[in-house]
Amino acid sequence: MSGNLVSARVWKFGDNINTDLMLPGDVHMATEEVQASRVFSANRPGWLAEMTPGDIIIGGKNYGTGSSRPASRSLRNIGIACVIADSVNSLFFRNCVNFGLLALECPGVSDLFTEEGQICEISLDNFTVRNKTTGKILNAQKVPANLLALMRGGGIYPVLEKEGFIAPMKARPAEAAAGH
Amino acid sequence: MGMTMTEKILARTSGAKTVSPGEIVVVDVDTCVFIDNSFFPVYWREMLKLANPDKIVVVFDHRVPASDRAAAAAHVVGRAFVKQFGIKRFHDVGRDVGISHVVVSDRAYALPGTVLVCADSHTCSGGAFNCAARGVGAPDMIYTGVTGKTWFRVGETVRYDITGKLNAGVTTKDVFLHIANAFGEHANQNVEFGGPGLQHLSINARRTIATMGAEISADFAIFEADDAVIDYVKSRNPAPFEPANPDADAVYKYRRELALNEMEPLVALPDAVLNNSVPVGKVAGEKIDQAFIGSCANGTLDDFSIAARVLNGRRVAEGVRLLITPGSQEIYREAVRAGYVQILVDAGAIVTNATCGACGGGHLGVLGPGETCITASTRNFKGRMGDPTARIYMGSPATVAASAIAGVITHPGEFTKEALV
Ligand code: SF4
């Protein structure tokens with residue numbers, strides 16, 4: 001992602017996609033790498049092999065309902081550029097701010113994209129979402145500048161570290177291998 | 001313009017005169033509850049200072065006693081954190097342990113009119129006490145620990161006016177399933193409860209509804225502070241508080257009546273809670289392998305009492321496992337004193353120690369491939385309690401107990417004709 005324009009192909013998911021689906025309970029306490037390898041394994045096995053970093057997820061209503069687990073971190077770690085949904089669950093939204101994943105609420109977006117693989121273009125200057133394939137465009141809800149900066153800047157840990165509130169991350173062998 | 005309960009609390013704690021939907025507010029947090037999950041390496045970040053250790057509570061709950069080596073290691077990290085900062089409110093494995101939201105209730109840590117956060121989605125449980133309590137992310141907890149603050153986006157509020165009284169065999173779990181079925185998700189909305197029917201609902205019965213607020217994706221799920229709440233809190237926590245009841249001209253997105261006398265036992269079908277329930281009769285006869293009563297929503301003394309009344313003098317069906325997990329050791333002790341545990345174990349139930357246990361699929365009752373479970377807990381998502389091919393129905397503790405006796409999903413009216421709440 002560079003500048004204030006994001007353009008990529010979309011994957012469509014439905015209403016009420018819960019965080020257990022993005023981060024299954026049996027790897028809840030595993031390393032980030034293991035967690036990332038199980039995204040949507042229960043509801044859409046094989047999807048991880050098909051998607052490529054930079055892709056966009058389009059959700060329906062109440063995207064990210066469920067537990068407070070860091071499902072957004074797994075999506076960030078597999079390289080999802082942005083989640084756009086008709087509505088985003090507020091706890092999931094917080095974790096997008098916390099872990100640095102771009103998330104936008106855009107009522108109607110699940111109908112704007114009629115098929116997977118269509119190209120979505122997001123402008124973060126005026127918060128518009130365009131289906132490049134059909135040319136149709138919708139307004140997303142504006143994200144306040146401070147939250148947007150956290151979403152795009154790696155979340156809140158780097159900030160807390162810089163301010164001397166938390167210790168630097170200790171390298172853990174398994175996670176070092178995950179490359180983040 | 002008047003304010004709702006949620007708006008009043010957020011205004012007071014953010015230092016604003018008023019707040020309204022859409023605003024982002026930065027609030028002072030009164031209580032910040034860390035759970036054992038927070039201390040696993042994949043979540044923990046070492047805090048170098050704390051804004052105020054007296055506002056911190058630490059409860060080990062999801063994996064107690066340590067269910068494996070990773071949990072044991074997390075508990076070691078948690079104990080060191082408690083020691084380092086001299087945290088007084090620490091609930092380690094032992095006499096005072098329990099599910100965090102239940103311990104918060106037992107000790108009345110969620111004071112009326114205040115803000116409480118915890119890295120667990122069912123924190124909204126504290127709303128039963130007129131507290132703006134909600135689940136946040138693990139990083140939010142670290143942020144609150146070191147700064148004493150957090151942020152919220154103020155949502156619109158849906159008001160539920162409770163009227164009437166529950167009929168025999170019906171519990172507030174059924175009331176919740178009705179809300180989830182009839183009105184679906186409440187994403188980015190607060191739900192608030194009050195009205196004349198409140199007086200007929202015990203604190204525990206209210207807590208089941210407030211806790212399940214997470215399942216309709218409500219931001220906050222707050223009850224009015226009536227005398228029952230105020231007496232309960234005062235008898236358990238000497239700290240001063242000021243309840244926040246709604247203004248008469250508060251603005252609501254919707255205002256709906258919940259007539260308790262119209263409620264009936266419902267069951268949520270596998271994989272989803274929202275818009276997915278049917279009257280018990282529609283699925284009666286479905287064979288089950290496991291029945292579970294527990295969790296932060298249904299591990300209360302009321303739930304033990306309900307299960308004991310249904311199971312008294314009866315037996316769990318051959319081939320069915322009935323697991324009952326108290327929400328806290330305090331509840332466990334009371335359930336023993338009241339004789340409920342004796343009745344339940346005589347009937348063939350396994351009564352475990354207080355923990356999240358089977359609810360989160362972590363330990364003490366994980367489901368195997370192709371199994372069917374009926375649960376009185378919080379969630380029936382695919383894979384939630386174990387193998388993703390397991391099917392999880394969700395109902396009231398009365399329905400679960402009745403089903404355990406029959407070995408198939410069964411209407412509680414088959415075994416009890418009395419008012420349960
Ligand atoms: S009992 Fe279940 S829902 Fe409640 S905190 Fe524990 S795992 Fe979460």
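None of the values given here were measured: they were computed from a predicted structure. Per chain, numbering begins at 1; letters A, B, ... match sequence-line order.
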Interface residue of largest heavy-atom contact number with chain B, from A/Leu160, A/Asn18, A/Asp15, A/Asn89, under 4.5 Å: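 Among the listed options, the one with the most contacts to chain B is A/Asn18.
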Options A/Gly66, A/Pro24, A/Gly155, A/Ala42, ranked by heavy-atom pairs under 4.5 Å with chain B, top entry: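 Highest number of pairs under 4.5 Å: A/Gly66.
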Side-chain touch [X]/[Y], heavy atoms, less than 4.5 angstrom:
| X | Y | value |
| --- | --- | --- |
| A/Asn16 | B/Glu185 | yes |
| A/Asn62 | B/Leu274 | yes |
| B/Trp151 | A/Val97 | yes |

Using non-hydrogen atoms and a 4.5 Å limit, figure out which bit of [X] sits close to chain B: side chain, backbone, both or neither.
| X | answer |
| --- | --- |
| A/Val88 | backbone |
| A/Ile156 | side chain |
| A/Asn95 | side chain |
| A/Phe93 | side chain |

Residue from B/Leu50, B/Thr147, B/Ile142 passing side chain to side chain contact (heavy atoms under 4.5 Å, CB included) with A/Phe165: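 Testing A/Phe165 for a side chain to side chain contact (heavy atoms under 4.5 Å, CB included) against B/Leu50, B/Thr147, B/Ile142 leaves exactly one candidate, B/Thr147.
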B/Tyr143, part contacting chain A, at a heavy-atom distance under 4.5 Å: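 B/Tyr143 touches chain A through backbone and side-chain heavy atoms alike.
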Segment of B/Arg384 engaging chain A (4.5 angstrom heavy-atom cut-off):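 Backbone plus side chain of B/Arg384, per the 4.5 Å heavy-atom cut-off to chain A.
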Donor-acceptor pair, side chain of A/Ser68 and main chain of B/Ala119, under 3.5 angstrom: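 A pair under 3.5 Å: yes.
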Donor-acceptor pair, side chain of A/Asp20 and main chain of B/Lys382, under 3.5 angstrom: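 Here the side-chain-to-backbone pair does not exist.
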Neighbours of chain B found in residues 127-148 of chain A - heavy atoms under 4.5 Å: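 Hits under 4.5 Å: A/Pro144, A/Leu147.
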Distance-minimising heavy-atom pair for [X] and [Y]:
| X | Y | value |
| --- | --- | --- |
| A/Gly164 | B/Leu48 | O-CD1, 3.5 Å |
| A/Leu91 | B/Gly137 | CD1-N, 3.9 Å |
| B/Ser217 | A/Thr65 | OG-OG1, 2.7 Å |
| A/Ala30 | B/Val42 | O-CG2, 3.3 Å |
| B/Pro139 | A/Phe99 | CG-CZ, 3.3 Å |
| B/Arg45 | A/Met169 | NH2-N, 3.1 Å |

Donor + acceptor pair across side chains of B/Arg379, A/Ser67 (<3.5 Å):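 Their side chains do not contain a donor-acceptor pair, so the 3.5 Å distance test is not met.
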Distance in Å, B/Asp36 CG paired with A/Met29 CE, rounded so as to fall on 0.5 Å steps: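 It is 7.5 Å, given to the nearest 0.5 Å.
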Chi angles and distances behind the side-chain contact (heavy atoms from CB on, under 4.5 Å) call for A/His28, B/His62: CA-CA 12 Å; A/His28 194 181; B/His62 279 66; 5.6 Å; no
